[in-house]
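First comes the structure, then the notes that go with it.
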Amino acid sequence: MSNRPADSGSADGTLPAGDVSIRQRREALRRIGRAGAAAGAASPLSALANGTGGQKWCHDRYRTKKVHASISGCKSVVMSAQPGHECYGKPCSWYKSKVNIPSSCRDNSGNAKKFKDIFTCVAGSKDSRGVTYDPYNNNGCLFHKRIDTLCANFASSAEAHWSTAYCNSAALWNSSRDLTKFPYSRTEVNGHWSDMAKRVDAYAFYVDHMEAG
């Protein structure tokens with residue numbers, strides 16, 4: 001007679017009541033596997049993988065490391081960074097001169113657009129200095145300032161750096177993942193500004209990584 005313990009499963013493949021925890025663990029592992037696959041499919045890093053299999057990368061804020069060029073991946077070092085896959089941007093100071101403002105960031109008169117013209121600003125919201133935005137009254141709220149004015153006279157403000165990210169996207173983003181030198185489109189930059197759940201991390205990425213050049 002064999003001394004091998006009997007299988008815990010029954011003939012129909014179910015587990016007895018005493019093995020409920022095992023069944024639950026198996027189901028949890030299946031859910032984790034499915035979630036991981038879905039996350040990989042939707043990952044910004046997947047979208048930024050270029051046609052030759054390389055990853056888009058950028059410098060960290062200290063220019064000592066090469067990291068993944070995305071908001072979610074910028075803490076991870078790229079082990080094999082190829083020169084043609086680099087993403088970057090100009091610093092805030094670059095856009096204080098009107099001649100450097102991309103054409104798509106200018107109004108019909110050739111002047112730099114105002115912050116409220118490139119970002120979705122809601123009446124009653126506040127700028128980074130705490131001034132309430134009134135779309136019909138220029139009360140000093142930074143949302144009413146032009147891009148070059150923000151970058152020249154309010155360079156320490158969040159609005160100046162969000163405007164910089166928008167201009168960098170206008171100048172360097174390309175719909176071809178192989179050709180783009182900036183990881184997010186203008187629509188995405190605006191979306192990061194509008195989404196309070198993403199705004200802090202996105203802002204840190206744009207300032208610390210994209211303005212590093």
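Both backbone and side-chain heavy atoms feed into the values below; hydrogens, waters and symmetry mates do not.
A pairwise comparison of heavy atoms in Y203 and A158 identifies OH-CA, 3.6 Å as the closest pair. The two residues Y206 and H192 make their nearest non-hydrogen contact at OH-ND1, 2.8 Å. Considering all non-hydrogen atoms of both residues, V207 and H161 come closest at CG2-CB, 3.7 Å. Taking each heavy atom of A112 and D107 in turn, the nearest pair found is O-OD2, 4.4 Å. Of all non-hydrogen atoms in I118 and S163, the two that sit nearest each other are CD1-OG, 4.2 Å. Minimum interatomic distance between G140 and V131 (heavy atoms only, all atoms of both residues): C-CG1, 4.3 Å.
No donor-acceptor pair under 3.5 Å is formed between the side chain of R129 and the backbone N or O of L142. For the pair H144 (side chain) and N137 (backbone), a donor-acceptor distance under 3.5 Å is present. Under a 3.5 Å cut-off, the side chain of E159 and the backbone N or O of S128 do form a donor-acceptor pair. Under the 3.5 Å distance criterion, the side-chain polar atoms of R146 are left unmatched by any main-chain donor or acceptor of K98. A donor-acceptor pair is defined here as one N or O able to donate and one able to accept, closer than 3.5 Å; no such pair exists between the side chain of H59 and the backbone of T64. Side-chain N or O atoms of E211 include one that pairs as donor or acceptor with a backbone N or O of C92 at under 3.5 Å. A donor-acceptor distance shorter than 3.5 angstrom exists from the side chain of K56 to the backbone of T180, with no hydrogens or angles considered.
Remark: K181 NZ is packed, more than 12 non-hydrogen atoms of other residues, nucleotides or ligands lying under 6.0 Å away.
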*Start with the C-alpha distance between T120 and N190, add both sets of side-chain angles, then the distance that settles side-chain contact (heavy atoms from CB on, under 4.5 Å), and finish with yes or no.*
CA-CA 7 Å; T120 305; N190 186 8; 3.3 Å; yes
*Pair D127-F154, side-chain contact (heavy atoms from CB on, under 4.5 Å): steps then yes or no*: CA-CA 12 Å; D127 67 11; F154 302 92; over 6 Å; no
_side-chain contact (heavy atoms from CB on, under 4.5 Å) between W162 and R199, worked out_ = CA-CA 10 Å; W162 277 108; R199 185 181 290 186; 3.5 Å; yes
*asked:* Set out, in order, the CA-CA distance, both residues' side-chain angles and the distance that settles ring pair (Phe, Tyr, Trp, His ring centres under 6.0 Å) for W193 and Y184, then state yes or no.
replied: CA-CA 12 Å; W193 149 262; Y184 296 101; over 10 Å; no
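Legend: residues meeting side chain to side chain contact (heavy atoms under 4.5 Å, CB included) with T187, ordered by chain and number and at least two apart, are S185. Applying the side chain to side chain contact (heavy atoms under 4.5 Å, CB included) rule to D208 yields the partners R61, A204; only residues at least two apart in sequence or on another chain are considered.
Considering only heavy atoms from C-beta on, I71 stays 4.5 Å or farther from K198 through its side chain. Contact check for T132 versus S125: no side-chain heavy atoms found under the 4.5 Å cut-off. Considering only heavy atoms from C-beta on, K145 stays 4.5 Å or farther from S157 through its side chain. Side-chain atoms of M210 and P183, non-hydrogen and from C-beta on, do get closer than 4.5 Å to each other. Under the 4.5 Å side-chain criterion, counting only non-hydrogen atoms from C-beta, C141 is not in contact with F115.
Other members of the hydrophobic cluster containing W57, listed by chain and number, are V78; membership follows side-chain contacts under 4.5 Å among ILVMFWY residues, whether direct or relayed. V122 belongs to no multi-residue hydrophobic cluster, having no ILVMFWY side-chain contact under 4.5 Å with any other such residue.
Counting only residues at least two apart or in different chains, salt bridge (charged side-chain N to carboxylate O under 4.0 Å, His left out) contacts with residues 109-123 are absent. Applying the side-chain hydrogen bond (donor to acceptor under 3.5 Å, both in side chains) rule to pairs touching residues 164-175 yields Y95-N168, sequence neighbours excluded.
Using a 4.5 Å cut-off between side-chain heavy atoms of Ile, Leu, Val, Met, Phe, Trp and Tyr, with links allowed through other members, V67 and Y88 fall into different hydrophobic clusters.
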